[in-house]
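Residue numbers count from 1 along this sequence. Small disclaimer: the values here were computed from a predicted structure and weren't measured.
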Amino acid sequence: TPTAISEEVTQLRNAQYQLGATDALQIVQLTDGTFEQGTPGSDQFMSILMTDFVAIGDLNGDNTEEAVALISENYSGTGVFVFLTIYSQVDGTWTFQTSTMVDDRPQLNALAIENNQIFLDAVIHAIDEPMCCPTLRTTRRYRFVDNLVDMIDYTTFTPDGRPRTILIESPADGSEVFTSVPIRGQVAIAPFENNLVYRIYDLSGIELSAGPIAVSGPDLGAPGTFDTIIPLGNVLSGAIIRVEVQDLSAADGSLLAMDSVELVVK
């Protein structure tokens, strides 16, 4: 449910915000959670709104609080682009750090900070779905490190409400690996043709490699498991990498489920 208005939230609603849907860097000053310029229908129109979905808590384990808010941007058209936005306290002032887009006109259900991570529950648009009416329920978690925000897991739901989840059981987050990554886990719903995809990224988000992961399952759509070894190739010793295991739609390539783990290459 939306967070009740507190003194901290009141201060946040009067902070500066960096626009996410424009090509040029532009910062606006919110007043009671809003900023507006121009007249509706004109090329200069802009309407920025901080929604009631705000969470405050420690995101990086330094015993200081960050704030997370869902902020919408409208530029006179029908699009209302919602961004997950992170603020930190700098000299006693909530200061914009970064943002990432959620969707155009999503249905927002929940936002929270749990175990130094951001949790978001939102209904978004599936590919080719009318923009008026999103139906794809998702949950996802984000990590905020070094002023970067990364989505670390992602779940969608079937039309009858079953969650499509991936769980990496091993290796644990922060583990050291050498020339390869032995990876083991489970899926709540086996993917099409029992194939998942792995992707390896560096800390800046550049993809280093990708490949298939086979799933063992008793039947199509039943729970399954995976247990394989992912080669690291030319990843340099000392690098910190993020390994994602993804379930991609066979129809359109969209993401159905994902889990990830951060590892240190030795």
Side-chain angles (χ1 to χ4, degrees), residues 1-57 59 65-113 118-138 140 142 144 146-151 205 254-255:
T1 57
T3 305
I5 299 297
S6 66
E7 182 177 351
E8 288 179 310
V9 174
T10 298
Q11 294 172 359
L12 185 66
R13 289 171 60 83
N14 291 278
Q16 292 185 332
Y17 171 69
Q18 181 176 306
L19 301 178
T22 57
D23 294 331
L25 174 65
Q26 187 172 351
I27 296 173
V28 299
Q29 176 65 54
L30 299 178
T31 301
D32 195 24
T34 65
F35 173 84
E36 190 167 306
Q37 74 173 24
T39 57
S42 70
D43 292 340
Q44 291 75 36
F45 179 75
M46 179 191 308
S47 177
I48 312 302
L49 173 66
M50 181 177 291
T51 72
D52 290 334
F53 289 89
V54 175
I56 296 176
L59 286 177
E65 290 185 328
E66 284 76 34
V68 182
L70 294 173
I71 298 179
S72 68
E73 303 180 18
N74 173 256
Y75 297 92
S76 197
T78 58
V80 180
F81 308 101
V82 174
F83 288 82
L84 184 144
T85 307
I86 300 176
Y87 287 83
S88 295
Q89 286 275 2
V90 177
D91 297 329
T93 300
W94 286 118
T95 303
F96 175 93
Q97 299 299 316
T98 188
S99 67
T100 185
M101 186 171 169
V102 177
D103 196 22
D104 177 4
R105 285 164 280 176
Q107 174 187 313
L108 304 173
N109 295 328
L111 177 71
I113 294 176
I118 303 164
F119 171 80
L120 174 64
D121 183 326
V123 179
I124 65 172
H125 296 83
I127 291 180
D128 296 331
E129 193 167 50
M131 297 309 295
C132 67
C133 314
T135 63
L136 182 64
R137 185 191 169 197
T138 68
R140 74 282 298 270
Y142 297 89
F144 176 63
D146 297 330
N147 289 339
L148 298 174
V149 58
D150 293 315
M151 187 171 68
S254 61
L255 185 64

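Looking at every heavy atom in both residues, P106 comes nearest to V82 through CD-CG2, 3.6 Å. Of all heavy-atom pairs spanning I71 and M50, the tightest one is CD1-CE, 3.8 Å. Among all heavy-atom pairs drawn from P134 and C132, the shortest one is CD-O, 3.6 Å. Taking both residues in full, the closest heavy atoms of L12 and A67 are given as CD2-CB, 3.8 Å, listed atom of the first, atom of the second, then distance. Between R13 and T51 the shortest heavy-atom distance is NH1-O, 4.2 Å. Of all the heavy atoms in T39 and S42, the pair that sits closest is O-OG, 2.7 Å.
Taking 4.5 Å as the limit, some side-chain heavy atom of L19 sits within range of a side-chain heavy atom of M46. Residues T85 and Q18 are not in side-chain contact: their nearest non-hydrogen atoms beyond the backbone lie 4.5 Å or more apart. For the pair R140 and I124, the minimum side-chain heavy-atom distance is below 4.5 Å. F45 has its side chain out of reach of D43: every pair of non-hydrogen atoms, C-beta onward, lies at least 4.5 Å apart. I118 has its side chain within reach of I86: a pair of non-hydrogen atoms, C-beta onward, lies under 4.5 Å apart. Side-chain contact between L111 and L84: present, with at least one pair of heavy atoms (C-beta onward) separated by less than 4.5 Å. Residues Y75 and T22 are in side-chain contact: their nearest non-hydrogen atoms beyond the backbone lie under 4.5 Å apart.
Inspection of the D103 and H125 side chains reveals an N or O donor paired with an N or O acceptor under 3.5 Å. Defined by atom type and a distance below 3.5 Å, a donor-acceptor pair is missing between the side-chain atoms of Q11 and Y87.
Qualifying side-chain contact (heavy atoms from CB on, under 4.5 Å) partners for L255, counting only residues two or more places apart in sequence or in other chains: M151, Y154, Q246, L248, M258. Applying the side-chain hydrogen bond (donor to acceptor under 3.5 Å, both in side chains) rule to E129 yields the partners T135; only residues at least two apart in sequence or on another chain are considered.
In terms of modelled atom types and a separation under 3.5 Å, the side chain of T138 and the main chain of A122 share a donor-acceptor contact.
In this structure, D128 places its CG atom where only 12 or fewer heavy-atom neighbours from other residues, nucleotides or ligands lie under 6.0 Å away.
Taking OH from Y142 and CD1 from I113, the interatomic distance works out to 13.5 Å, rounded to the nearest 0.5 Å.
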Determine all donor-acceptor pairs shorter than 3.5 Å in which one atom belongs to a side chain in residues 94-102; sequence neighbours excluded.
unit_1: W94; atom_1: NE1; unit_2: E8; atom_2: O; d: 3.3
unit_1: T95; atom_1: OG1; unit_2: T93; atom_2: O; d: 3.1
unit_1: Q97; atom_1: NE2; unit_2: T95; atom_2: O; d: 3.2

